[in-house]
Each structure stands twice: as C-alpha cells, then as structure tokens.
J.: 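Next up is a structure, given as structure tokens.
Proteins get letters first, then strands, A, B, ... in listed order; numbering begins at 1 in each.
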Protein chains: 2
Amino acid sequence: MTEDLKLNMDAFLPLRDVVFNTLREAILKGDLKPGERLMELQLAAQLGVSRTPIREAIRMLEQEGLAVTVPRKGAEVAKMTLKGMEDVLEIREALDILACQLACDRITEEQLTVLAEKKKAFEDSLKSGNVKAIAETDVEFHDVIYDATNNPKLVNMLNNLREQIYRYRVEYLKREENYPTLIKEHNAIYDSLVNRNQDGATASIREHVKNQAIAVKEVIIQQG
Amino acid sequence: MTEDLKLNMDAFLPLRDVVFNTLREAILKGDLKPGERLMELQLAAQLGVSRTPIREAIRMLEQEGLAVTVPRKGAEVAKMTLKGMEDVLEIREALDILACQLACDRITEEQLTVLAEKKKAFEDSLKSGNVKAIAETDVEFHDVIYDATNNPKLVNMLNNLREQIYRYRVEYLKREENYPTLIKEHNAIYDSLVNRNQDGATASIREHVKNQAIAVKEVIIQQG
DNA sequence: CCCCTGTACTTTGTATACATTATTCATTAT
DNA sequence: ATAATGAATAATGTATACAAAGTACAGGGG
C-alpha cells in the first residue's frame, strides 16, 4: 500500500512525463499491481506534485493500455486476462515477424555487428543467472532488430506490446530449462539476418515468439 | 482560422472525452489541418470549457498519433510525411492480413451474412458517387472482418491506423477509375472468407491494401 | 432482521490562478 | 544593414479551489 514511488528529477521534462515514466516503471516492475487503484490525491502526495500532472500521466497510461479508468470512479492498473494476453500475443507475433522481415532487407553491416555483440551479451547473462540482466540483454538484442526496420512507428508499437507482456515474461526467463532453447532461437534469428534469408528469419522469429507465448500463458493460468 | 468547432453534449461523458472526440473528428475531416497549432486557451474559448479538459484531450490525441506536442511550445495536428505514411501502411498491411486470416477461422455465419450486406451497400454507394457514403460503407465492410477476429485489441489498433490514413484515402475514393478494382477486391475477400480459404484471403487483402497504399502515397506526393 | 435513506466523507471533474518559459519585436551596438 | 539584446506578450506548466458525483456507514422504519 504505502508504495515507495519517487520521481527521477534528472530530466528536464514536464512533470507529466516524469510522472508517466515513474508510474509506468512501477506498473512494469509490479510495484503497482493489476487492479490497484490509481488515486490522484494519494499519488500526488506520494510524488510531491499536484493532481494536474498526475491526471495527464494517467491519460497517457490509459492510451498505452497500462491503466483503465471508469468515469467518476477513477483509474486502476490494467488487469490482464488470459484472453487479453492471447490477443496481445497474436498481434505481437504478426508484428515481430514483420519487423524481422524488414530487418532482413534493411539491417546494416554495423547493426549486424552490434547484433552479434548483443547475442553474446545475452548468452553471458544467461550464465550469470541474473534474471533482471537476462531480461535486459534480451530486450537489447531484439531492439537492434526493431531499429533495423527503420520504421519508428513499428518500433513504438512493438515496445508497447512488449510492455504488456513484460511482467509475465520475467517468470519465463527464470526457468533455466528454457535457456538452451533461447540460445538456439537467437542463433537461428541471427544467422537468418546475416544471410538475408527472409524465409528463415520468418520461421525463426515465429518459433521464438510462439514458444514465449506458450510460456507466458502458462504463467497467467498459474496466477489466475 | 476561426474554426467552427462545437461540442456534442448528448453524451454523459467527461468533458475530456467530448473534447477528444470533437478534436479527433475535426482532424479527420480536415477542419484542423496538419501542422495547425492546438492552443489551449483558444480551443477552450471556442468550445466553452476550461483548459483542463482540453489538455487531457490533447494528451489522448497525442497517444493516438493525431497530435504532436513539444514541451513548453504546445501541440499541433500531426503532419504526415511520405515516410511516415509508408511506415503506417507497412504496419497496416501486416495487421490487415492478420485480421483477415483470423476472420477466416472465426467468422460466424451471421457475420458472413452481414458482410454480404455491407459488400452490396458498398457497391450501391459507388453507384451513388457520394464519396462520404463510399468511405462510410467501406469502413463498415472492413469493420465486420475486424470484429470477426474476436480480438478487440487488434480492432483498436487497426482503427487507429485507419485514422491516420483516412484523410488521404478519401482522395483515392474520389477517382471513379478505381471503382471496378475495388468491387473485384471486395468480392475476392468475401469469397475467400465464405470458403474459409486462408491463403486466398491473405492474397486478396494484401492486394487490396497494397493498391490502396499506392494510391495514398500518390496523394501525399501530389500534396507535398 | 433487513432494507432504506440520509449524512459525512472521499474522489473525481472542472475552473481558475499563479509560475515559468518561449516568442516577438523594437532597440542598440557593431 | 545585420546581429544581439531585452522588455512585453502570449503560451504552456503547475498548483489549488470549488463543484458534483460516488461510497460507506449509521440510524430509523418496515
């Protein structure tokens, strides 16, 4: 209840953006749990700002699908049902495949070099067993591919979808039995991109996303 | 300049939602043009509300991609570059194909009946030559397919993408030489869905979207 | 005992006031 | 003449005040 939210004042951003980032992080990390109410006065007091930036941040969270508000009742952290997650995963599969296909055509030699580095960093983090680091390096690996699409709107949508999966995916990354599969899949994706083999890339990323989907759904079923 | 915006007070919605819908409509209809500034005080005066609901509506428009704000400078109607439109069309093609594939599996007999009706209504509106009606019936035809996916999040994203194309697509629908192609494409999509032919549906919708993409890009090139 | 209702309280919705930053344009120095 | 400067203006950013709606609970009547 007595959440320990604090603002990162480094950035010279409007408070609404700082509040938005803070709440977003809190939701993704699980500090704010699905269904938990987002009360303006309480949040304002905790973060030491007025209600105005809080309200604007909530409007933004709402559009990101991280919060749901009922008029005159207030906002709460979006709950994720199994059906909702299946819907998200369905979209994500299609867009991840698209991203990989585009990257196949457009990725530069430089980006391929970076991708190789990120792939290695991911493998190293798996050895370390630090789940937070694993999640981080995995994101970085896929970010290289996303950026290679040269389609910022697509990158945006994929990041948004990833957000909604994030909380559940962490559970998946805890299970060591998945590690060999993950390494194999990353290798397959990387090799396809290096060889500009679009069909191979499509197959690899589809496999990768589908496996993750299965695991994420299992987590939700266990929780709910 | 002296826009004639007026609020629709029918709904018992918070003002932010009424303002949001009003501004959204104005942008899509072209009453508010790309690049036009959205000044809070001016809009508040025009709509007879305070700045608070205006600001919240702007935050929502922003997340929809219909407005862009620069901190401490203000918001303006999002401009659409050719590159931006290509990016949107790229995503839309992938998601429209996904929607059509899902619909192939999931569309009910009832929905197929409605789809037939909408197809006919579209053909009739083409004969009428009323562009607004054509745009409307076309949307309704595709909405049946979207709904048949049984994936509300996907429907949401597709509607959002369609919004961003809307203004330019209208030009496409003005050209009578396109009408036979449009009818043929709708028929192909409909037939594939009736026969639950997923490959056929994929090919049909891809063709349909690609043709539209070409036309929309031409419009942008002519304008810019 | 249950339901209904009224009141106190909490929370959101909206308006407004104040603070800060950007812009404009005239003025001045080079 | 042009560029830099600075005051005036106008816009956004933030806080607060007020209004209205929702919620919870106690007390009274059936």
J.: Among residues at least two apart in sequence or on other chains, which ones pass side chain to side chain donor-acceptor pair (under 3.5 Å) with A:K153?
T.: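 Checked A:K153 against side chain to side chain donor-acceptor pair (under 3.5 Å); zero matches.
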J.: What pairs with A:F122 under ring-ring contact (aromatic ring centres under 6.0 Å, His included), at least two apart in sequence or on another chain?
T.: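 A:F122 satisfies ring-ring contact (aromatic ring centres under 6.0 Å, His included) with A:H186 only.
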J.: Over all strands shown, is A:L38 touching base, sugar-phosphate only, or nothing at heavy-atom distances under 4.0 angstrom?
T.: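 Counting heavy atoms under 4.0 Å across all strands, the contact made by A:L38 is with sugar-phosphate only.
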J.: What pairs meet the side chain to side chain donor-acceptor pair (under 3.5 Å) rule with one or both residues in residues 71-84 of chain B, with sequence neighbours excluded?
T.: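 Every pair satisfying side chain to side chain donor-acceptor pair (under 3.5 Å) with a residue in residues 71-84 of chain B: B:K83-B:D87.
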J.: What integer distance in Å separates A:R16:CZ from D:dT14:C1'?
T.: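 Atom-to-atom, A:R16 to D:dT14, this comes out as 11 Å.
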J.: For nucleotides 7-9 of chain D, print each protein N/O atom paired with a nucleotide N/O atom at under 3.5 Å, atom names and distance only.
T.:
none

J.: Let's see if you get this right: which residues in residues 68-77 of chain B place a heavy atom under 4.0 Å from DNA chain D?
T.: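 Within residues 68-77 of chain B, the residues near DNA chain D are B:P71, B:R72, B:K73, B:G74.
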J.: Compare side-chain N and O positions of A:R55 against OP1 and OP2 of C:dT12 and report whether any pair is under 4.0 Å apart.
T.: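 Checking A:R55 against C:dT12: no side-chain N or O falls below 4.0 Å of OP1 or OP2.
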J.: Applying side chain to side chain donor-acceptor pair (under 3.5 Å), can you list everything that pairs with A:E90, at least two apart in sequence or on another chain?
T.: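 So A:E90 forms a side chain to side chain donor-acceptor pair (under 3.5 Å) with B:R106, B:N151.
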J.: I need the CD-P distance between B:E62 and D:dT12, as an integer number of Å.
T.: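 That distance rounds to 13 Å.
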J.: What does the list of N/O pairs under 3.5 Å between the protein and nucleotides 15-18 of chain C look like, with a distance for each?
T.:
{"from": "C:dA15", "atom 1": "OP2", "to": "B:S50", "atom 2": "N", "distance (Å)": "2.7"}
{"from": "C:dA15", "atom 1": "OP2", "to": "B:S50", "atom 2": "OG", "distance (Å)": "2.9"}
{"from": "C:dA15", "atom 1": "N7", "to": "B:T52", "atom 2": "OG1", "distance (Å)": "2.7"}

J.: Does A:R167 have any salt bridge (Lys or Arg N to Asp or Glu O under 4.0 Å) partners at least two apart in sequence or in another chain, and if so, which?
T.: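 Not a single residue meets the salt bridge (Lys or Arg N to Asp or Glu O under 4.0 Å) criterion with A:R167.
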J.: Take B:R162 and B:N159 through the test side-chain hydrogen bond (donor to acceptor under 3.5 Å, both in side chains) and record every step on the way to the result.
T.: CA-CA 5 Å; B:R162 182 159 60 187; B:N159 282 328; 2.6 Å; yes
J.: Whole angstrom is fine here: how far is it from CD1 in A:I54 over to C1' in C:dT12?
T.: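 Computing the A:I54:CD1 to C:dT12:C1' distance gives 14 Å.
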J.: Atom CD of A:Q42 to atom C1' of C:dT10: distance rounded to whole Å?
T.: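 A:Q42 atom CD is separated from C:dT10 atom C1' by 12 Å.
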J.: In whole Å, what is the span from the CG atom of B:D17 to the P atom of C:dT12?
T.: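 Rounded to the whole Å, the gap is 15 Å.
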J.: Show me the pairs that pass salt bridge (charged side-chain N to carboxylate O under 4.0 Å, His left out) and involve residues 44-54 of chain A, at least two apart or across chains.
T.: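 As it turns out, the salt bridge (charged side-chain N to carboxylate O under 4.0 Å, His left out) pairs with a partner in residues 44-54 of chain A, which skip direct neighbours, are A:E40-A:R51.
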J.: In whole Å, I'd like the distance from the CZ atom of B:R37 to the P atom of C:dT24.
T.: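 In whole Å, C:dT24 P lies 8 Å from B:R37 CZ.
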J.: Distance check needed: D:dG13 P versus A:F20 CZ, whole Å only.
T.: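 For the pair A:F20 CZ and D:dG13 P, the rounded distance is 16 Å.
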J.: How long is the line joining CD of B:E40 and P of C:dT14, in whole Å?
T.: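 For the pair B:E40 CD and C:dT14 P, the rounded distance is 16 Å.
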J.: Listed by chain and number, what are the salt bridge (Lys or Arg N to Asp or Glu O under 4.0 Å) partners of B:E117, not counting sequence neighbours?
T.: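 Once residues adjacent in sequence are excluded, B:E117 has no partner under the salt bridge (Lys or Arg N to Asp or Glu O under 4.0 Å) criterion.
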J.: Can you find a heavy atom in the side chain of A:V19 that is under 4.5 Å from one in the side chain of A:R16?
T.: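 A side-chain contact is absent here, since even the closest heavy-atom pair is not under 4.5 Å.
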J.: Applying side chain to side chain donor-acceptor pair (under 3.5 Å), name anything that partners A:K132, two or more places apart in sequence or on another chain.
T.: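 A:K132: no side chain to side chain donor-acceptor pair (under 3.5 Å) contacts found.
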J.: Please list, chain by chain and in numerical order, all residues satisfying side chain to side chain donor-acceptor pair (under 3.5 Å) with B:N150, sequence neighbours excluded.
T.: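 If we apply the side chain to side chain donor-acceptor pair (under 3.5 Å) test to B:N150, skipping adjacent residues, there are no hits.
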